[in-house]
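Chain letters run A, B, ... following the sequence lines, proteins first and then strands; every chain starts at 1.
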Protein chains: 2
Amino acid sequence: MSTKSTAERIIDAALQLISAKGYTAATTKAIADLAGVNEVTIFRHFGNKRGILKAVIEKFSYLPLLQEEINKNVTWDLETDLLNFSVKHFNFLMSIKDFVMIGFKEGMQFPEINEEIANTPLHIKNELIHYLQEMHERGKVREIDFEAAALSLIAINVGHFISRARLGTIVSDIPTEILLKTSISIFSRGLTP
Amino acid sequence: MSTKSTAERIIDAALQLISAKGYTAATTKAIADLAGVNEVTIFRHFGNKRGILKAVIEKFSYLPLLQEEINKNVTWDLETDLLNFSVKHFNFLMSIKDFVMIGFKEGMQFPEINEEIANTPLHIKNELIHYLQEMHERGKVREIDFEAAALSLIAINVGHFISRARLGTIVSDIPTEILLKTSISIFSRGLTP
DNA sequence: CTAGCATGTAAGTAATTACTTGCATGGGAG
DNA sequence: CTCCCATGCAAGTAATTACTTACATGCTAG
């Protein structure tokens with residue numbers, strides 16, 4: 001048996017099913033079955049179906065922010081730092097893949113999810129802008145629109161993530177490591193004065 | 001009244017609703033209402049609900065491939081060509097936004113959609129690789145993993161598209177034009193020998 | 001004008017879904 | 001041991017959903 005609490009097992013099951021099939025198609029019965037729990041237990045814990053989703057969102061709102069992790073290990077060597085960031089960002093997205101997929105599927109219907117999802121890029125963007133400005137002052141990054149540059153870097157990672165998470169190796173089977181390395185090699189060279 | 005045929009109006013309504021709420025939540029009744037058509041008419045046209053989705057997918061399988069458009073207007077100036085591609089790619093994605101969203105939502109459940117969606121990046125990737133190789137031979141692009149570079153360029157555009165299509169201006173309100181211009185400015189400089 | 005074809009209207013059906021209620025049970029805390 | 005709390009089980013309900021059938025109506029081509 002699992003060591004997880006009943007509520008946790010329900011949340012995990014809901015996360016899986018909603019991310020795979022969407023909120024409407026993920027029936028309470030299916031969630032209960034996957035969690036190995038009686039259907040009534042769900043309602044006793046969360047009141048109604050929306051309650052499960054609310055709990056799922058809450059679970060991800062306390063995520064240790066990627067932001068803090070990023071600031072560590074700054075070497076002030078552009079390519080090293082950007083690659084470090086890129087790998088962390090990519091792995092972070094992969095680790096919350098199911099939640100991100102729910103965001104794509106249900107963000108329009110449940111705005112709370114969108115806000116939660118938008119939170120991360122917003123913070124990251126600001127960190128990156130700050131970093132790029134500092135690097136510019138150190139003469140290691142050329143004059144450029146820092147916000148647009150930060151957004152572009154985020155876009156690369158998100159793009160790679162989407163491609164891998166949604167299409168697997170249909171489009172390409174290049175190892176992710178090489179993909180990120182090449183991206184950053186090009187990007188950091190493009191930023192250098 | 002609309003000049004569109006009944007079938008077309010149903011397909012358009014389904015496209016809107018499924019992209020907004022997902023396949024399961026997009027009721028045949030709701031689709032019929034939005035199309036301004038009686039619910040039975042849907043079944044007379046498409047047999048069953050799956051039939052509507054099939055028709056939606058078919059509608060997008062005959063898209064004039066972006067691929068051909070890209071090859072036009074090649075100037076063999078790196079930044080000019082890449083920006084031209086980037087803008088076209090981004091606008092293409094925006095023009096089929098609803099279909100892309102359906103792909104995100106239902107791709108796992110209806111693999112036909114995924115195949116259709118993966119088609120575009122696959123073709124584009126090959127065109128880009130070809131272009132980069134040629135540019136390399138002309139001494140205008142440095143030695144690099146061309147496939148990874150092509151995928152990265154696609155990733156930037158997809159990333160920007162996702163951000164704009166899903167989060168609007170929550171993350172940033174920089175005009176798309178400037179965003180793409182900056183991306184390409186960095187990227188093309190990063191590719192230059 | 002008329003025949004036929006596309007569509008609307010009305011009514012219904014079987015299955016599913018979110019959710020409720022009442023009762024049984026078992027394991028852990030006092 | 002006993003009490004209680006979480007959970008299981010059984011049964012049910014109102015609403016919704018995909019889909020069907022039968023019939024009426026109106027526009028268009030011949």
Once the angle between the rings of A:Phe161 and A:Phe90 is folded into 0 to 90°, is it parallel (under 30°), tilted (30 to 60°) or perpendicular (over 60°)? perpendicular
Taking only side-chain nitrogens and oxygens of B:His45, does any of them come within less than 4.0 Å of OP1 or OP2 of C:dT7? yes
Nearest 0.5 Å, what's the CD-CD distance between A:Glu106 and A:Glu112? 11.0 Å
Kindly give the atom pairs (protein nitrogen or oxygen, nucleotide nitrogen or oxygen) under 3.5 Å for nucleotides 3-5 of chain C.
none

Answer yes or no: is there an ion pair linking B:Lys54 with B:Glu58, defined by an N-O contact shorter than 4.0 Å? no
Side chains of A:Ser185 and B:Arg142: donor-acceptor distance under 3.5 Å anywhere? yes
What one-letter contact string describes nucleotides 9-25 of chain D from 5' to 3', where B marks a base within less than 4.0 Å of any protein heavy atom, S marks contact via sugar-phosphate atoms alone, and - marks no contact? BB------SSBBB----
Same cluster or not: are A:Leu132 and A:Trp76 linked, directly or through other Ile, Leu, Val, Met, Phe, Trp or Tyr residues, by side-chain heavy atoms under 4.5 angstrom apart? yes
Over 60° means perpendicular and under 30° means parallel, so classify the ring planes of A:Tyr23 and A:Phe110, tilted if in between. perpendicular
Give me the atom names and distance for the closest heavy-atom approach of A:Ser152 to B:Leu179. OG-O, 4.2 Å
Specify the separation, in whole Å, of atom CZ of B:Phe46 and atom P of C:dA6. 13 Å
Expressed in angstrom and rounded to an integer, what is the separation of B:Arg9 atom CZ from C:dA6 atom P? 15 Å
Check whether any side-chain N or O of A:Thr6 sits under 4.0 Å from OP1 or OP2 of D:dT7, and answer yes or no. yes
When you measure from the side-chain N and O atoms of B:Thr41 to the phosphate of C:dA6, is any distance below 4.0 Å, counting only OP1 and OP2? no
Sequence neighbours left out, what passes salt bridge (Lys or Arg N to Asp or Glu O under 4.0 Å) with A:Glu147? Give chain and number order. A:Lys125
